[in-house]
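Each chain gets a letter, A, B and so on, in the order its sequence line appears, and its residues count up from 1. Just so you know, these numbers use all the heavy atoms, side chains as well, and skip hydrogens, waters and symmetry mates.
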Protein chains: 2
Amino acid sequence: MRDTMLDERTKRVLYAVVESYIEKPEPVGSRYIMKKYGFDVCSATIRNIMSDLEDAGFLSQPHTSAGRVPTDRAYRFYVDYIFHKALLSQSQEIKKIIESLTKKLRKLRNNMDSLFLEATQSLSQATRYLGLTLLPATEKTALHRVDFIKFKEDLVIAVVVNDKGIVKNKIIKAYPEITQKDLNSLADFVNQNYHGKTIDEIRVDMMIRLKKEKLFWDKLISKILKMCQEALNFSREDVYVSGFYHIMHLPDFSDIEKLREVAKTIQDRHLLLKLFENISEDEDMKVIIGQENPVEEFRSFSIIASPYKEKDKSLGVIALVGPKRMNYQRAIMLVNAFARSLTRTLSD
Amino acid sequence: MRDTMLDERTKRVLYAVVESYIEKPEPVGSRYIMKKYGFDVCSATIRNIMSDLEDAGFLSQPHTSAGRVPTDRAYRFYVDYIFHKALLSQSQEIKKIIESLTKKLRKLRNNMDSLFLEATQSLSQATRYLGLTLLPATEKTALHRVDFIKFKEDLVIAVVVNDKGIVKNKIIKAYPEITQKDLNSLADFVNQNYHGKTIDEIRVDMMIRLKKEKLFWDKLISKILKMCQEALNFSREDVYVSGFYHIMHLPDFSDIEKLREVAKTIQDRHLLLKLFENISEDEDMKVIIGQENPVEEFRSFSIIASPYKEKDKSLGVIALVGPKRMNYQRAIMLVNAFARSLTRTLSD
DNA sequence: CATTAGCACTTAAATAAGAGGAGTGCTAAA
DNA sequence: TTTAGCACTCCTCTTATTTAAGTGCTAATG
């Protein structure tokens, strides 16, 4: 049964159950709903509706004589229902948080690492959930400058500074005969020709240009080219995480096992990045609920994520991980506001 | 009462109680001790001894009619007792672990970040406790090369590569009139004069030299000097942490509050560094038990730490955080072996 | 005088039984 | 279709009882 198949009253009941359960993590009864939400029907009617909702997979019962608990499907319905309203509204409290954040970010705008760290920490602080930020991919950002530094006999350290002031480095094997002077020339060449281009563009263009000029067939150049390509091949790997201790004492996780899985995932950059794979940077804000998440370790949680941009170019994602039973309204408002604040700071 | 005041038999009992409690986290009774450790006296005698040990602050009772539990003082006695033996002995299992570790480290010896990460993770993996590694302080390592990169109007990014191949960068305010060319000259100057010196030495020497040559009074030079000093002023900040999820399901922390404190501490670089302040890098291996730890958040834990070196110069510390009720014998052996493996890898 | 046997005493933990209560599902009537 | 009414289910809380582990004390022992 699709949401759209539910009649208006049924939807109201479903909404009420989810909201109640979010407020207090206890199975919700028919009488409670009736009174609290002022339904003009008796509890038995609500009971029938709830029974229908259970058949349709929106609610479940811990045991026969207990109230009902929302399933992931119910949360999905709930979130779809409040989503647009949440995106548009903004409470006084949140305005204050964002004002203070924007001020802080503005001050850090020359130090990207601190800036993203601050955003992650503030988000976690404001929500008491787990904050995550995926940093801009180095290959997508514009080159400010590159340096190649000879290190020991056969190693070269490539230091890349992008237009955000983020410094990345990579150690690569090189040929012992290359001198620091050669490396300087190479760096000069790259800097002069490619300043302002993205790393991706550079790698492509470099290949094309050298092919065209037939330099490709020169063995030495070919070697250097290969090295250069490798030096500029960064794998995306930077994610900031903050606030694990906040989600540690949510009643939802009194069973420690789910928390352990998260702790393990946080530790494992690989898994963490996998989490972001499913959040396209081009889409707008996204809410992933429980089982919807392809990353197994996060199936007990919900994730709210939004890309942040520079002008119109998407750079990365800021996200929130909390219990499925989270305050979606507030969380959506906050993640949205945080992404916009980041975008504003990065755009001017 | 000092340990030395205890007679031989009393010591044996104390040792037995601690060992038993480490094996199984349940209050230890007199009869159990008597039978398991083959004492040739009756349980009442053991009982008397245990009562004495309680008066002396080595044991405590959860309630009147329960067995005894070791206090921090008892753990201290126990660790002092086994310490030297543990340092010297080495099981077959540990030999294997270390062999495999050393192989891995050797492969990573050109990439310090990965090397220390690997060591931290392996330590945590081998012990199922929390692994920590304090990285070499930038100021104590020798300069390989420095670059100054102009970024936007009034910023300079200083990129420092040390002799370990670790790249650090720092964004500092500069004077708009400084050109990239000026910065190149400055970098050349530093590189030519100070290659191989430690950052600390450089900062001191720079000051002395400029004073001597009266250049100190030249306003421009003075400005640049100030900038350079700032650029080379790195605060120590790199700690690797691994394996929080391991300590999450120890029976010792079924009460989640203690774990939360650790989670918070891990998140907070500041606190984490404070932890290492009390572990001198010049001393040898150190065991810190519970209340002995100046960092409040770790008072429910024990820490085993050992410096690792390059030749004879101490570079940093590798440490293990586990429950007070940890397998000290094995943990001490492992931390010691890990530190030695690191030292060996870094020294040749 | 240290050690022991013996026993009363303490306490937590496990078990059982019962009361209370929230909430359901069903039926028959409105 | 909705409602009132009621039997029924199952959890939770309380209280009591038992069990078992282990102590502390006392008086006897070598």
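Using a 4.0 Å cut-off between a side-chain N of Lys or Arg and a carboxylate O of Asp or Glu, A:D72 and A:R76 do not qualify as a salt bridge.
In this structure, A:D52 atom CG and D:dT1 atom C1' are separated by 12 Å, rounded to whole Å. Counting to the nearest Å, the P atom of D:dT3 and the CD1 atom of A:I46 are 9 Å from each other. In this structure, NZ of B:K24 is placed 12 Å from C1' of D:dA21, rounded to the nearest angstrom. Rounding to whole angstrom units, CD1 of residue A:I49 and P of D:dT2 are separated by 7 Å. Atom-to-atom, CZ of A:R68 to P of D:dC10 comes out at 14 Å; the value is rounded to the nearest Å. Taking atom OH of residue B:Y21 and atom P of nucleotide D:dG22, one finds them 14 Å apart after rounding to whole Å. As rounded to whole Å, 12 Å separates atom P of D:dT26 from atom CG of B:N48. The CD1-C1' distance, from B:I33 to D:dT23, rounds to 15 Å in whole Å.
A:E296 is linked by a salt bridge (Lys or Arg N to Asp or Glu O under 4.0 Å) to nothing, counting only residues two or more places apart in sequence or in another chain.
Distances were taken from every side-chain heavy atom of A:S65 (C-beta onward) to each of D:dT23, D:dC10, D:dT3; the shortest belongs to D:dC10.
For D:dT23, the OP1/OP2 oxygens have no side-chain nitrogen or oxygen of B:T64 closer than 4.0 Å. Contact check, A:T45 against D:dT3: a side-chain N or O comes under 4.0 Å of OP1 or OP2.
Just one residue in the list B:I266, B:T120, B:L275 forms a side chain to side chain contact (heavy atoms under 4.5 Å, CB included) with B:L132, and that residue is B:L275. When each of B:F39, B:Y81, B:Y37 is checked for a ring pair (Phe, Tyr, Trp, His ring centres under 6.0 Å) with B:Y15, only B:Y81 meets the rule.
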Verdict with reasoning, A:H246 to A:H249, per side chain to side chain contact (heavy atoms under 4.5 Å, CB included): CA-CA 7 Å; A:H246 281 140; A:H249 69 347; 5.7 Å; no

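Here the range on DNA chain C touched by chain B, meaning any atom under 4.0 Å from one of its heavy atoms, is C:dT3 to C:dA12.
Between B:P62 and A:Y32, the one whose closest nucleotide on DNA chain C sits nearer the 5' end is B:P62.
Between A:F58 and A:F77, the ring planes lie perpendicular to each other; the angle is over 60°, past the 30° to 60° tilted range.
To the nearest 0.5 Å, atom CD of residue B:E277 and atom CG of residue B:L271 are 10.0 Å apart.
Residue contacts for B:S43: at a heavy-atom cut-off of 4.0 Å it reaches no nucleic acid atom on any strand shown.
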